[in-house]
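These notes concern the structure reproduced below.
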Amino acid sequence: MAREEPLLAPRPSSDHSSIRNAEEEDALLTGVRTHRNHRRGWAFWKEIGLFTWALVATVAVIVLSVVYQHESSRTHGHSKDPWGKPTGKRNLIFMVSDGMGPASLSMTRSYKQLTQGLPINDILVLDKHIVGTSRTRSSSSLVTDSAAGATAFSCGHKSYNGAISVLPDHSPCGTVLEAASLAGYKTGLVVTTRITDATPACFASHVNLRQYEDRIAEQEIGEHPLGRVVDLIMGGGRCHFLPNSTDGSCRRDDRDLVEIAKKGGFHYLHDRAGFDSLNGGTEAKLPLLGLFADKDIPFEIDRRSQDDVYPSLEEMARAALTALSQATADSDQGFFLMIEGSRIDHAGHGNDPAAQVNEVLAYDKAFAAVLEFLEQDSTPGVVVSTSDHETGGLSVARQLNPEYPDYKWLPGVLANASHSAEYVNKKLASYSAAETNDSALRNFVRKLLVEDLGIADATDEEVHAVIDPESPYAPKDVFADIISRRAQIGWATHGHSAVDVNIYASSNEHGFPLVGNHENTEIGDFLANYLDLDLKSTTKKLRSSDYWSTSSSSGDKYLSWLGDPLGEDVRTEGLDTYHGEFRKRGLSERGCNCGETH
Ligand SMILES: *[C@@H]1O[C@H](CO)[C@@H](O)[C@H](O)[C@H]1NC(C)=O
Ligand SMILES: *[C@@H]1O[C@H](CO)[C@@H](O)[C@H](O)[C@H]1NC(C)=O
Ligand SMILES: *[C@@H]1O[C@H](CO)[C@@H](O)[C@H](O)[C@H]1NC(C)=O
Ligand SMILES: [Zn+2]
Ligand SMILES: [Zn+2]
């Protein structure tokens, strides 16, 4: 066969793959594109032929398997719709790993393998259930916050950063949890942060800004246009339920929401003994309000040594599943439960890799517990798990010097830490409140580094950076950086990032509509669809309620219930300050298209 001339300008062939690989590697390092030479001879057309054949075969296999799946789901379960969804009684568990991006999974997987002596192919439970990825932007920014992220899940709509289940026009949108409650399902929220924080808030309340946690608490216990919609609450955030005259309150007013909740029928628990009295959920009576910390439940890396004080996420998840399952045993409807690994996000904000791997492992255990429940329960159900966004711009490698970068990172450094930077920072703060002697302070910092963070080789500069009052970095951030550098873990921000996040489901069959890459609102659509919920009519009910039409003294109907869209005076001291977006007041006039101002 005659050699065909190349279509492009002929160049001398350099078809040595080793050279090509070197060129490509060089391109990766320098960012300069490689130039490839093409000669389209017999080999070229043979490759095209093979490729075409492979493509046709692949498509055929996919088509056949889809047809087969479709057929088998039609023939095997009479009670299933074409997507494999049960049509009778069913349960839905939605899990949110707040701030967990793909890099968190890689980091945690390697950490687990190292610390538990597992082989390379021993992966996380989550890894075995990945079905797709989610795009996370909000209506106001390419980088979402948790409020807009959770509004996409709860309502199936994009909104602005800070929005708690309200749309960009500041009107409330009906949520999956509310619609489920109206349809006769039992509902629950389980978190490790404040139950008034953005993710849980978005399922059971509506306010114009996430900082209105006092209002969120009120709505969660039933001061809500639809009445009480949550049957089970477990997490932290007790401070928003206690009157401002009480120690440990962070409310602005003197309302005692715990008393109000009790009068409304809630069974209130506030400590480990209370949690244990549930006997794993079998003794739970709904509605249940379990607030096990003033603010956040400690990071898992710190909680595990205070197991007698705080329940773990897995324990709370198991108890909630048992309680809800029991409460719906004789019902035609099952339950909807949202479980959040809330503080993966906080470890990301703090750029603390040792805290984060332990948060992710705790979340993985909770996910496994949910899978176990679904396998054993006679009522069919599904668990879907995803993140609202990534936090920290985490990268599982870090270039520490101008020379050629090392291809490694060191999970052993994280394994040597027994506490979080947050915990160590608290210890330092209480020590330095009483001790001003500089050399005593230095010694104390070295002791903390060795005993709690496993760092024996800190330099004088590092120790100085921790205690230097002139330093632009908070001690907590210096501690986290000391660990991150040694582990060769990189962070791009103390905030969120726009990278796509993973979607997991108990099975491909049940999670089928979420296979592939999706907008985060499609996850909300999936949740509503799985339980056949009508979010539109829920929205209508919210908007036609007395709450909505009652005028406050200012005559602005929005203010009476959802809070001032431009911000009002609230207490945020001691809460997670990275979430404070509170400097926007006065940027635009009241009543205008305020959604644009956030
Ligand atoms: C407590 O709340 C009441 C109103 O409910 C308010 O008048 C009072 O100033 C508050 N006290 C503090 C210390 O914030
Ligand atoms: C962890 O700590 C041990 C004991 O102090 C030390 O020998 C080891 O080098 C540390 N590992 C890493 C990766 O820093
Ligand atoms: C400061 O503490 C060191 C020991 O940590 C001690 O030797 C020194 O005397 C102390 N200085 C003062 C002024 O107390
Ligand atoms: Zn978040
Ligand atoms: Zn966050």
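Counting starts at 1 for both ligands and their atoms, following the listed order. For the single chain, residues carry numbers from 1 onward in sequence order. On a predicted model such as this, the values are computed, not experimentally measured, just so you know.
Look at D145 and the Zn ion (ligand 5): no N/O/S atom of the residue is under 2.8 Å from the metal. For a distance bound of 2.8 Å, the N, O or S atoms of H346 include none lying that close to the Zn ion (ligand 5). In summary, an N, O or S atom of H496 is located under 2.8 Å from the Zn ion (ligand 5).
With ligand atoms numbered from 1 in the order given, ligand 2 contributes 13 (C) to contacts under 4.0 Å with heavy atoms of G412. Of all the atoms in ligand 1, the ones that sit under 4.0 Å from a non-hydrogen atom of D253 are 2 (O), 5 (O).
Contacts between R252 and ligand 1 below 4.0 angstrom, taking non-hydrogen atoms only, involve the backbone exclusively. The part of N244 lying near ligand 1 is the side chain, judged by heavy-atom distances below 4.0 Å.
Between the side chain of T246 and the backbone N or O of P243, at least one donor-acceptor pair lies under 3.5 Å. Counting only distance, with no hydrogens or angles, the side chain of S418 and the backbone of D452 share a donor-acceptor pair below 3.5 Å. Under the 3.5 Å distance criterion, the side-chain polar atoms of H206 are matched with a main-chain donor or acceptor of S165.
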Open item on the list: With salt bridge (charged side-chain N to carboxylate O under 4.0 Å, His left out) as the criterion, how do E213 and K295 come out once you've worked through the C-alpha distance, each side chain's angles and the decisive distance to 0.1 Å?
Closed with: CA-CA 12 Å; E213 295 189 35; K295 291 168 186 163; over 6 Å; no
- [ ] Show the numbers, then the answer: is there a side-chain hydrogen bond (donor to acceptor under 3.5 Å, both in side chains) between R135 and N517?
- [x] CA-CA 7 Å; R135 308 189 292 272; N517 181 252; 2.5 Å; yes
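Note on ligand 2: V413 sits in its first shell, one or more heavy atoms being nearer than 4.0 Å.
For atom 11 (N) of ligand 2, the protein comes within 4.0 Å by at least one heavy atom. Contact annotation for atom 3 (C) of ligand 2: protein present (non-hydrogen atoms, distance under 4.0 Å).
Scanning all protein heavy atoms for the shortest distance to atom 5 (O) of ligand 2 gives N416 ND2, 4.7 Å.
Angle OD1(D345) to the Zn ion (ligand 5) to NE2(H349), rounded to 10°: 90°.
Taking the ring axis of Y423 as reference, the NZ or CZ atom of R303 does not stay both within 45° of it and closer than 6.0 Å to the ring centre.
The ring of H494 has its center no closer than 6.0 angstrom to the ring center of H349.
With contacts defined as side-chain heavy-atom distances shorter than 4.5 Å, the pair I164/L209 does not qualify.
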